[in-house]
Amino acid sequence: MSQTIEKAIELKQAIVDFIYDAEGELAVALESYAAEHNKKNSYGIKQQNLTVDSFISGGEVAEKTPLAIFLAEVNNLSKSDRQIIEGWQNNVMGLFEIKEIHSDYYQLYNWLTAKEYRVYSHGQIESKETSRWQKGEIILTIIAPINNNDWFFFSDRVIKGKLSPPKLAVAVGEFRDNFPEFLYADAPELLEEAWESVAVYHQEFIDYFGSDQVTMPGYKLNQKIGDLQQIMSKKRLAEAGIDDSKTLSQIITESGGNEEEFTKTATDLGADAEAVAKIINNKNTSSMVMPKVDLPPEIKQAESVTVFSHPRWGQMFLPNYEKFTNLLESENIDSQENANSLIRKYLDQPEANYYIWQHLKDTYPQKLEKLLQDYTENSQFSLATDLDQLLAKHKKLPTPQLSSLASVPIHLNNLFEIAVAQVQKTKTKTPKKSNKGFLTKK
């Protein structure tokens, strides 16, 4: 086993050298990928190493992976070498909890998908690093297959320590935002189901509001979204044959489960026993599969919020959208400074994504082009040729990322429920302290 792993490490280093020495499209792709990912994180050299390794596994160059380019351009590889490298298309990046520590391998649990792995160490990992590892700690890393049952550490490792449920929930949210290309990498069926849930939510949104675009005061929208979620929850429970009037405790009992085992598992994670008891006795069981939409204060308190719904992009909440469209519909602009301020805001805020800008382009082509010419101080600015480039500079890409409103695996919903219960209890004890949980929208 050790010889196989050391050979794999040798091949991996050859790929890293190949990528660093590359020119042209591959070099540009690596630079863009690194700039995007390192901007979101601050772990120094470990993050830089992890970024290169994630580029190997999840990067894309002209619709090809770096691995595919390496295999195509390097001719002196043996058949067994090629088989090892081809297996790395199945690499898994995740938040792994150390479950067991053995002399030459670790039993790891991927919190993103609840899958366990036997992962081997190797000569490039110094003992002074692994000697500090403890059971229960969380590691952000990439693992690669050796065979059907065994894996090895493919990348550098960012140790996050032992995390309470709220901190672990935040780490899951950060992973979703920072590494969307690796979300549910080892469980494509979960990813497919999550995408399907976005489409379902979109249809439910249209059925409830009568349109894929609505505008209303923030407080009213918050109430309406809550009502919509309750309707969806009741439908899902009914389809599953579950009585929504029953508590989780009753459901556990009737399914042959053990409430004590559920409580023990939750408290082993660090949850307060009293908080777990409240969750068990709560009749609102819908949150076990569908994340609660917790609109941020700036949305709830806004005088006017426009919501767009899309089967891939999900729901986008935009305060002051009417102010922007009024500007685009007006004959005279009161102040170019005010116009630039609105444009800058919509370029900066993540909710005004590529889809929103395409909608604006299609609806107000001439006026939007004129405003952007003034904003960029370029009279030759063209929506047809320059808009996508401008949006790309502001991280607004044409490929939708999985919405935060998508359904998540049950084990993560359970974690989030426990995390919320703990945060709420902390807020009750220390009301003057501000806490930001995983539900906080950016």
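Counted within 6.0 Å of CZ on Phe175, heavy atoms from surrounding residues, nucleotides or ligands total more than 12; the atom is thus considered enclosed. Within a 6.0 Å sphere centred on CD of Glu189, heavy atoms belonging to other residues, nucleotides or ligands number more than 12. The local environment of CD in Gln203 is crowded, with over 12 non-hydrogen atoms from other residues, nucleotides or ligands closer than 6.0 Å. More than 12 heavy atoms of other residues, nucleotides or ligands sit less than 6.0 Å from atom NZ of Lys300. In Lys361, the NZ atom is crowded: over 12 heavy atoms of neighbouring residues, nucleotides or ligands sit closer than 6.0 Å. Crowding of Lys115 atom NZ: a count of heavy atoms from other residues, nucleotides or ligands under 6.0 Å exceeding 12. Atom CD of Gln349 sits in a crowded spot, with more than 12 heavy atoms from other residues, nucleotides or ligands closer than 6.0 Å.
Here the closest non-hydrogen pair linking Trp151 and Pro145 is CE3-N, 3.3 Å. Nearest heavy atoms, Lys162 versus Lys135: CE-O, 3.0 Å. Nearest heavy atoms, Leu318 versus Ala352: CD2-N, 3.7 Å. For the residue pair Gln373 and Ser379, the shortest heavy atom distance occurs at NE2-O, 3.3 Å. Of all heavy-atom pairs between Ala302 and Pro319, the closest is CB-CB, 4.0 Å. When every heavy atom of Trp313 is checked against every heavy atom of Leu397, the shortest pair comes out as CH2-O, 3.4 Å.
Listed for the Thr325 side chain is a donor-acceptor partner under 3.5 Å among the backbone atoms of Glu322. Counting only distance, with no hydrogens or angles, the side chain of Thr141 and the backbone of Asp156 share a donor-acceptor pair below 3.5 Å. Using modelled atom types, no side-chain atom of Ser32 and backbone atom of Ala29 make a donor-acceptor pair closer than 3.5 Å. Side chain of Lys367 to main chain of Glu329: no donor-acceptor pair is present (N/O by atom type, distance under 3.5 Å, no hydrogens or angles). Here the side chain of Lys160 pairs no donor or acceptor atom with the backbone of Leu168 at under 3.5 angstrom. For Asn413 (side chain) and Val408 (main-chain N/O), a donor-acceptor pair under 3.5 Å exists by modelled atom type. At distances below 3.5 Å, not a single donor-acceptor pair connects side-chain atoms of Asn222 with backbone N or O atoms of Gly218. Side-chain atoms of Glu369 come within 3.5 Å of backbone N or O of Leu383 as a donor-acceptor pair. Under the 3.5 Å distance criterion, the side-chain polar atoms of Glu97 are left unmatched by any main-chain donor or acceptor of Tyr109. Between the side chain of Ser403 and the main chain of Gly314, no donor-acceptor pair closer than 3.5 Å is present.
Taking the six-membered ring for Trp and thresholds of 30 and 60 degrees, Phe205 and Phe209 have ring planes inclined between 30 and 60 degrees apart. In this structure, His411 and Trp111 have tilted ring planes: the angle between them lies in the 30° to 60° band. The aromatic rings of Tyr346 and Tyr321 sit tilted relative to each other, their planes meeting at an angle between 30° and 60°. The aromatic rings of Phe308 and His359 sit perpendicular to each other, their planes meeting at more than 60°, with 30° as the lower class boundary.
To the nearest 0.5 Å, the span separating OG on Ser407 from OH on Tyr201 amounts to 12.0 Å. Taken from CD1 in Ile225 to CD in Gln315, the straight-line distance is 7.0 Å, to the nearest 0.5 Å. For the atom pair CG of Leu95 and CG of Leu140, the computed distance is 5.5 Å after rounding to the nearest 0.5 Å. In this structure, Glu351 CD and Phe317 CZ are separated by 9.5 Å, a value rounded to the nearest 0.5 Å. Within the model, atoms CG of Leu391 and CD1 of Ile356 stand 11.5 Å from one another, a figure rounded to the nearest 0.5 Å. Considering CZ of Arg344 and NE2 of His394, their distance stands at 9.5 Å, rounded to 0.5 Å.
In this structure, Asn320 has no side chain to side chain donor-acceptor pair (under 3.5 Å) partners at least two apart in sequence or on a different chain.
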Would Met93 and Ile142 satisfy side-chain contact (heavy atoms from CB on, under 4.5 Å), going step by step from the backbone distance to the final call? CA-CA 4 Å; Met93 185 177 195; Ile142 302 171; 3.7 Å; yes

Set out, in order, the CA-CA distance, both residues' side-chain angles and the distance that settles side-chain contact (heavy atoms from CB on, under 4.5 Å) for Gln213 and Thr306, then state yes or no. CA-CA 7 Å; Gln213 178 183 342; Thr306 299; 3.9 Å; yes

Does the side-chain contact (heavy atoms from CB on, under 4.5 Å) test come out yes or no for Trp195 and Arg312, once each step is laid out? CA-CA 7 Å; Trp195 276 112; Arg312 296 290 288 178; 3.4 Å; yes

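Note that Lys12 lies in the cation-pi zone of Phe154, set by a 6.0 Å cut-off to the ring centre and a 45° limit from the axis.
With 3.5 Å as the limit, one finds no donor-acceptor pair spanning the side chains of Tyr184 and Glu193. A donor-acceptor pair shorter than 3.5 Å cannot be found between the side chains of Ser164 and Gln422. Tyr105 and Asp150 form no side-chain donor-acceptor contact under 3.5 Å, judged by distance and modelled atom types alone. Of the N and O atoms on the side chains of Thr51 and Gln47, at least one donor lies less than 3.5 Å from an acceptor on the other residue.
Residues Trp133 and Tyr106 bring their aromatic ring centres within 6.0 Å.
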